[in-house]
Structures are given as C-alpha cells and as structure tokens.
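Note sheet for the following structure.
If you read the sequence from its start, that first residue is 1, and numbering goes on from there.
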Amino acid sequence: MLPGNVWRRHRALLVALVPAVVLRVLAMAGYRPALWFWADSFSYLRAAGDPVPGTFRPLGYSLFLAALGPGKSLALVAAVQHALGLGLAVAVYALLRRRGLPGWGATAAVVPLLLDEFLILLEHMIMADALFTVLVTAGVLALSRRLTPATAGVGGALLGLAAVTRTIGVAVLVVAAACLLLRRPGPRALLCLVLAGAAPLLGYASWMWATSGTFGLTRADGLFMWARTMTFADCSVIRPEPELAPLCPRTPVAGRPSPAHWMWGPTLPGVPGDRNALAGRFARAAVLAQPGDYLAAVARDLRWLLRWERTTAWTVAARKTNPYWFPYEERPLRDSVRGTAESYEGGPADTRLVEPYAGWLRAYQRFGYLPYPVLLVLLGGAPAVAVARRRPDALLPGLAAAVLVLAPPFLHGYDVRYVVPAVPLACLAAGLALRRPPNVGGR
C-alpha cells in the first residue's frame, strides 16, 4: 500500500499510470517478442553483433542492443523500452510539480506520454526512436533544472548520446547551447555543456574516421539531401556539371514519388567516385537554383501535420502494409533477415499475434493518440505563452520540439515517425509555460 500522503499528492498520476501500464502489458502479451520495421530493425541488429560505423545511421541504438544482448531476448529490449517510456513520463511530471503545477495539471501534461499509442508502438519496435526520444527529452529535462556545471554536463552528455542515436540530435544540442546563452549561466556551465555534448560526437566521428576515412556521424548526408531534391529538381534549370548529370531524375516532376523512394528504392544511380559527396553537391545546386520549389516541397510535406489521423485511411490493404499500426496479421520474416533476428533472439523471432490482447490494442489505436493539429497548437502556443508569462525555461523544450518537427522535411523528407519524439518536449514546454509563479503556494 502507498503512504497516504503519496496517494494524496500524486493520485492523478497514479490513476493515469494504471492504463499506461495495461497498454504496455497488452503490447508485450499481444505481439511477441517485438515488432519489426522493414530493413531498419535488422540493420540495427547486425550492427549490434558487429559494431562498425556504417553508412546511413549512427550506431547508438545498436550499442544499446548489444548491451542488452546477453539476455538473448527481443522481449527484454521491448520491456526495457516500455519501462524507459514510463520513466520518462514520471520524470517530466516530477519536474512540472517542482515548478509549481498542481498534480492534475502535471498529469494532464504527461497523459500523451503515458497513453499515446504511437509512442507505445515505437517502444515495442526494434528501432532507435524510443531510445532517442528518452535521451533527447532527458537531456532537455536536465537543462531545465537549476543550472549548474553538473546539470549542464549531464544535459549535454545526454543530448550528445541522442545525436549518436539519431543525427537530428545535433540540431537539438545546438538549440540547447543557444538557449543556455540566453540564460547567462556563467562560463563553467556553458563549457560543461559544450564539452559533454561534444565528447560523444567527437568520439564517434573519430571512430568513423579510423574505420572508413570519413570524419562524421554518417556517410549519407549528401544522399539524403539528394533524395529530398528529387521531388522538385529540374536539370534544365539546375544545369549541373557533367559529373553530376547521372544524378538527374528522368521521371517528370508531377509523377515523382516521395524522397524515401529515391533513397531506398531501386532508383539510386550508380555514379563513379564518392556518391555521397556528389549527391551533396547536386542537392546544393538544386536548392540554390530552385529555392522556391525547395520550400514548396517542404511545405507539401508539412501539410501532413494538418491531418487529424496520423496515417493513411483504414483500408484493408493499408492494414497489411502500414508499419505504423499494430499489425492485424502475422508477417513471417524473410529468409534474408531471419538469421540476423534469430541470432539475437536465440530462437524463433517472428512476431506472433496473441488474441484477444492484440485485438484490444488494435481497437485502442484507432483513437488513442495525440492528433498532430493539437501538437501544432502546443508548438505554437507554448512559446507565445512563455513569452507573455515570462517563462524562459519553456523556450528550450519548445524550440527543441519545433526543430524535431521542422528539420526532417528540409533535410530528407517527412515521415510520421520523425514527429513522435517532439511530443514529450511539446508537452513539457506547455507545462512549463502554464506553471504557477514560484511564490504561489499550494500543489
């Protein structure tokens, strides 16, 4: 039994935790041992067994999988990710309570973290998104506390680790340093943030240099940006250099698919020399020659944020192919990846659906999420309220959330999965913006 004072002070959160835990138990019981995402999941697993910096993504998540590897259990990975998600919600709640929000207000702010089915889906998936979300939000939480060299160092280190899990974390680290300057913390705290944040980046980039001769987090930034420009690039306007001409698209602009198709489909051209460097040069030329078309392509991607439903219509065909829903049927692993999955699991690794638990979760996913138009209101409203009410500590989580939402369409294209890590930060920003002044008593 809980002590009476704990129940009285935190009963709203404790009540909200009950369905949050139940939903995660349903995921563990209904989809065993975990969920897979196309080829990405297996790339992470392969790198966990042979950790060498690769081309397209940094190894942060693979090292996390390797650390859990002795358990030989994909279910363990999913369980740890679910526990991290719950712990993150409690940590956000605790900070908001310390900053003056009443129990019901702090609980309302973390309800999306507890109950959003997309967050639960990503926690149950062998993908880097759940770990990245926890690291980037934890880093911002550390920097939202009373700023000292120690908290600045912890926040910088967490954001640096987030960046070697997903490279967009570098942008959040830059935003954090800029916001820290506005708070005038003193040179020691700022130095601790910069050094602690740079340490994982420099260490990983040095490892990449030693193994591939490239100093960076990936060897595909140019390729991703090239794929972004394929939706609008017109070589009659760009007039690229002869060595870049093979990168010109042949499909008419009106009929071109999304950037992901160009990046991962069969359309990636074979060009002599460093493909990443050449693709980056082509992308820069395309953006400079067609800045209006570039911004229009970004705007078309961002229109997806105006949809109340996060994904496409609930058709029978979509149910079989959409990776962003809890599956309606079992999908056997392909022979090309089965060995990788079973080597980590130590046995069969196909996702098995167990009813009625899977069905209950599928029913919940039809409505149990924070619609992105509401997220946009939080992203725009929290900074405005923070300025009006003089809550500068709400700016960092608000700006970090905005960067996570807005940067991907500029750099490589929109994906519904890229927006989800902004949800905890947007909720944190809203809570900090609406908190009571420190001299107002009562919790």
Below 6.0 angstrom between ring centroids: does that apply to Phe56 and Trp264?
-> yes
For the residue pair [Y] / [X], report whether a side-chain donor-acceptor contact shorter than 3.5 Å exists.
X      : Y      : value
Thr148 : Thr151 : yes
Tyr324 : Arg417 : yes
Arg32  : Tyr357 : no
Thr55  : Arg219 : yes

The reported gap from CG in Leu101 to OH in Tyr93 (rounded to nearest 0.5 angstrom) is 10.0 Å
Which heavy-atom pair separates Pro323 from Trp38 by the least distance, and what is that distance?
-> CG-CZ2, 3.6 Å
Residue pairs fulfilling side-chain hydrogen bond (donor to acceptor under 3.5 Å, both in side chains) with at least one residue in residues 79-88, sequence neighbours excluded | Tyr61-Gln81, His82-Glu123, His82-His124
Geometric cation-pi criterion Arg300 and Tyr414, 6.0 Å radius, 45° cone | no
Evaluate ring pair (Phe, Tyr, Trp, His ring centres under 6.0 Å) for Trp36 paired with Phe42, printing each intermediate quantity in order.
-> CA-CA 8 Å; Trp36 302 104; Phe42 310 104; 4.7 Å; yes
Which residue pairs pass the salt bridge (charged side-chain N to carboxylate O under 4.0 Å, His left out) test with at least one member in residues 144-164, sequence neighbours excluded?
-> none
Is it true that atom OH of Tyr364 has more than 12 heavy atoms of other residues, nucleotides or ligands lying nearer than 6.0 Å?
-> yes
